[in-house]
J.: 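First the structure, which I've put down as structure tokens, then a few questions once you've had a look.
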Amino acid sequence: MVYAGKTKSGVAHIGVSGRLKDRNLVMWDEETNSLWSQLSGEGIYGKRKGESLKLSPSVFVGFATWKKMAPKGQVLALTDVRAKIWHYTRQDLARGALRRGHALALGLRSQGETLAIPLAFLQKKRIVTSEIGGKRILALWLKDEMAPLVYGIPKGAHFHLDKGRLVQAKGGAFDPLTGKPFGKTASRPASPLRRFPYLPVLLKAWKTWYPQGRVLGTE
Amino acid sequence: MLLLATALMAAFPLPPLQDSRPSSIPQSKPSAPSRKSGKALRAQWGEGAPGRQVVPVKFKPIRKVPYWTNAEASKHLSPDDLVIGIIRGEEAIAYPIKMLGGPQREIINQKIHGEPYVVNW
């Protein structure tokens, strides 16, 4: 997951604390030695207790898909990869589950609300719209890319997938990979869709963390 | 404590960074495969600190890491390898999940498009 690296009190450089809480990583910041929950992004101990790191939009896709999304992009260059346990592939996403059959979901948070979208559900529907924290979202499963993506969309907007294009009911179409519009509408210049932050999560764990949270497909 | 820390580092023997880059996105690329791990520091929190210390040290935030172009990374990654990708304006960086394994490097701090981000797995 990706957090903005600053809070209301300033920049936070974050490291691994060596601690676990509820089987989840606890982080620390170099500026104040405060502790942070990796899962929630909340300061849980020290001077910054009560502050929050804000989730930032990112994508969770295979490398081949990444190159299509960002042809001039760069890639972290660390090669001493040792543990096979970390070798996740987009086929894991396509299966909708990780090892031992643990179901995967997209976890969303906004304004104190949570929403889980099980990958199996998303793959079946291909395109799902919902609301969280007063914001409307659209989740996509791109079968050929084996990739889930989430965008924020205007209220009242309706979309469908057609021949690899994300088509808006009232006109206009977008590239589902990048959110960029194909052409412009006559009435106004089309702007790209905004990515909405999501986390790839184990559904079982997410339900434990957020027992009151909504889970699409079970409502 | 020191003994445990030594044992830990022996169990996860990551060599120091060989080719570090500035914290902004580098324009040049490492010519050879690079390694990176957070420096282990003494972990000190009060008794009221939440959770439990499962590793006897904390790891210094990682701020400087090397990057490849997509083309260079293609020599090291499978098309199917999962990445966390950040795209801001014309700048875009991908973090392969398999490179974020282990307690020394689960978190990377990086400025993109002038804004600080914390990538973690």
Side-chain angles (χ1 to χ4, degrees), chain A residues 1-6 11-22 25-30 33 35 38 44-46 53 56-64 66-67 69-83 85-93 146 178 195 200, chain B residues 14-15 25 29-30 33-36 38 43 45 49-63 65-70 73 76-87 92-109 115-120:
Chain A
M1 65 185 85
V2 179
Y3 285 116
K6 61 182 176 185
V11 172
H13 290 96
I14 302 291
V16 174
S17 72
R19 300 182 75 85
L20 287 179
K21 183 176 183 294
D22 301 330
L25 178 71
V26 175
M27 312 186 293
W28 72 288
D29 75 73
E30 197 171 45
N33 203 36
L35 294 173
Q38 183 199 27
I44 54 175
Y45 178 84
L53 295 166
S56 192
S58 60
V59 294
F60 193 69
V61 297
F63 180 53
W66 167 258
K67 287 191 284 187
M69 287 177 155
K72 294 179 181 176
Q74 299 190 73
V75 182
L76 178 65
L78 303 178
T79 56
D80 54 335
V81 177
R82 299 150 295 127
I85 190 173
W86 302 101
H87 286 209
Y88 295 118
T89 67
R90 58 180 175 173
Q91 279 76 14
D92 292 313
L93 299 183
M146 292 180 265
T178 63
R195 296 193 189 283
Chain B
L14 286 179
I25 301 174
K29 293 81 63 177
S34 299
R35 301 173 177 219
K36 173 72 181 172
W45 287 282
R52 62 192 176 91
Q53 197 75 33
V54 295
V55 174
V57 293
K58 63 183 179 184
F59 295 94
K60 187 174 174 64
I62 298 171
R63 298 193 199 190
V65 286
Y67 292 98
W68 287 309
T69 62
N70 281 342
H76 302 271
L77 294 174
S78 144
D80 295 325
D81 280 336
L82 283 176
V83 304
I84 298 172
I86 307 174
I87 302 171
I93 304 184
Y95 295 83
I97 297 301
K98 69 180 185 181
M99 294 180 190
L100 300 177
Q104 301 96 329
R105 52 162 59 184
E106 283 170 320
I107 303 172
I108 291 176
N109 298 263
E115 290 294 319
Y117 292 96
V118 180
V119 182
N120 60 99

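Throughout, protein chains are lettered first and strands after them, A, B, ... in sequence-line order, and every chain is numbered starting at 1. Only a predicted model underlies this, so the values are computations on that prediction, with no experimental measurement involved.
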J.: State which residue, out of A:L76, A:L78, A:V2, fulfils the side chain to side chain contact (heavy atoms under 4.5 Å, CB included) condition with B:Y95.
T.: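 Result: among A:L76, A:L78, A:V2, A:L76 is the only option passing the side chain to side chain contact (heavy atoms under 4.5 Å, CB included) with B:Y95.
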
J.: To the closest 0.5 Å, what do you measure between CZ (A:R90) and CG (B:D81)?
T.: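 Interatomic distance, A:R90 CZ to B:D81 CG, rounded to 0.5 Å: 10.0 Å.
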
J.: Quick one: what part of A:K72 sits under 4.5 Å from any heavy atom of chain B, side chain, backbone, both or neither?
T.: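 It is the backbone, since no side chain atom gets that close.
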
J.: Calculate, to the nearest 0.5 Å, the distance between atoms CD and OG1 belonging to A:Q74 and B:T69 respectively.
T.: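 Here the rounded value is 7.5 Å.
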
J.: With side chains defined as the heavy atoms from C-beta onward, is the minimum distance between A:S17 and B:V55 less than 4.5 Å?
T.: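 With C-beta onward as the side chain, the pair stays apart.
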
J.: Chain B heavy atoms under 4.5 Å from A:P71: which part of the residue, side chain, backbone, both or neither?
T.: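 Answer is backbone: N, CA, C or O of A:P71 sit under 4.5 Å from chain B.
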
J.: Let me know if A:L25 has heavy atoms under 4.5 Å from chain B in its side chain, its backbone, both or neither.
T.: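 Just its side chain gets close to chain B.
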
J.: Given the options A:V61, A:V26, A:T178, A:L93, which has more heavy-atom pairs under 4.5 Å with chain B than any of the others?
T.: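 The candidate making the most pairs under 4.5 Å is A:V61.
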
J.: Pick whichever of A:R195, A:H13, A:Q38 has the most heavy-atom pairs under 4.5 Å with chain B.
T.: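 Option with the greatest count: A:H13.
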
J.: Which residue out of B:I108, B:V118, B:I87 racks up the most heavy-atom pairs below 4.5 Å with chain A?
T.: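 Maximum pair count with chain A is reached by B:V118.
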
J.: What residue, out of A:A70, A:A12, A:P200, A:G46, has the most heavy-atom pairs lying under 4.5 Å from chain B?
T.: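 Of A:A70, A:A12, A:P200, A:G46, A:A70 has the most heavy-atom pairs under 4.5 Å with chain B.
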
J.: Would you check if A:S56 and B:I86 make a side-chain contact, meaning some heavy-atom pair closer than 4.5 Å?
T.: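 No, side chains not in contact.
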
J.: How long is the straight-line distance from CD1 of B:I107 back to CH2 of A:W28, given to the nearest 0.5 Å?
T.: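 Here the rounded value is 10.5 Å.
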
J.: Side chains of A:K6 and B:E115: does their closest heavy-atom pair fall under 4.5 Å?
T.: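 Yes, at least one pair of side-chain atoms sits under 4.5 Å.
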
J.: Side-chain contact test, heavy atoms from C-beta onward, threshold under 4.5 Å: evaluate it for B:P50 versus A:L35 and give yes or no.
T.: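 Sidechains of A:L35 and B:P50: in contact.
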
J.: Does A:G5 offer a backbone N or O that forms a donor-acceptor pair with the side chain of B:N109 under 3.5 Å?
T.: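 Not at all, since once roles are kept as given, no pair shorter than 3.5 Å links the two residues.
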
J.: Taking B:A49's backbone N and O only, do any of them form a donor-acceptor pair with A:R19's side chain (distance below 3.5 Å, no angle check)?
T.: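 The answer is yes, because a donor-acceptor pair under 3.5 Å joins these two groups.
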
J.: Is any side-chain heavy atom of A:N33 closer than 4.5 Å to one of B:K58?
T.: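 Result yes, sub-4.5 Å side-chain heavy-atom pair found.
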
J.: Run the numbers on B:V83 and A:V75 for side-chain contact (heavy atoms from CB on, under 4.5 Å), then give the verdict.
T.: CA-CA 9 Å; B:V83 304; A:V75 182; 5.6 Å; no

J.: Look at the side chain of A:W66 and the backbone N and O of B:L82, then say whether any donor-acceptor pair between them is shorter than 3.5 Å.
T.: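 Such a contact is absent between A:W66 side chain and B:L82 backbone.
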
J.: With heavy-atom distances below 4.5 Å as the criterion, would you say the side chains of A:F63 and B:D80 are in contact?
T.: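 A side-chain contact under 4.5 Å is absent here.
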
J.: Are side-chain heavy atoms of B:N120 and A:I14 found at a separation under 4.5 Å?
T.: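 Counting from C-beta outward, B:N120 and A:I14 never come under 4.5 Å.
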
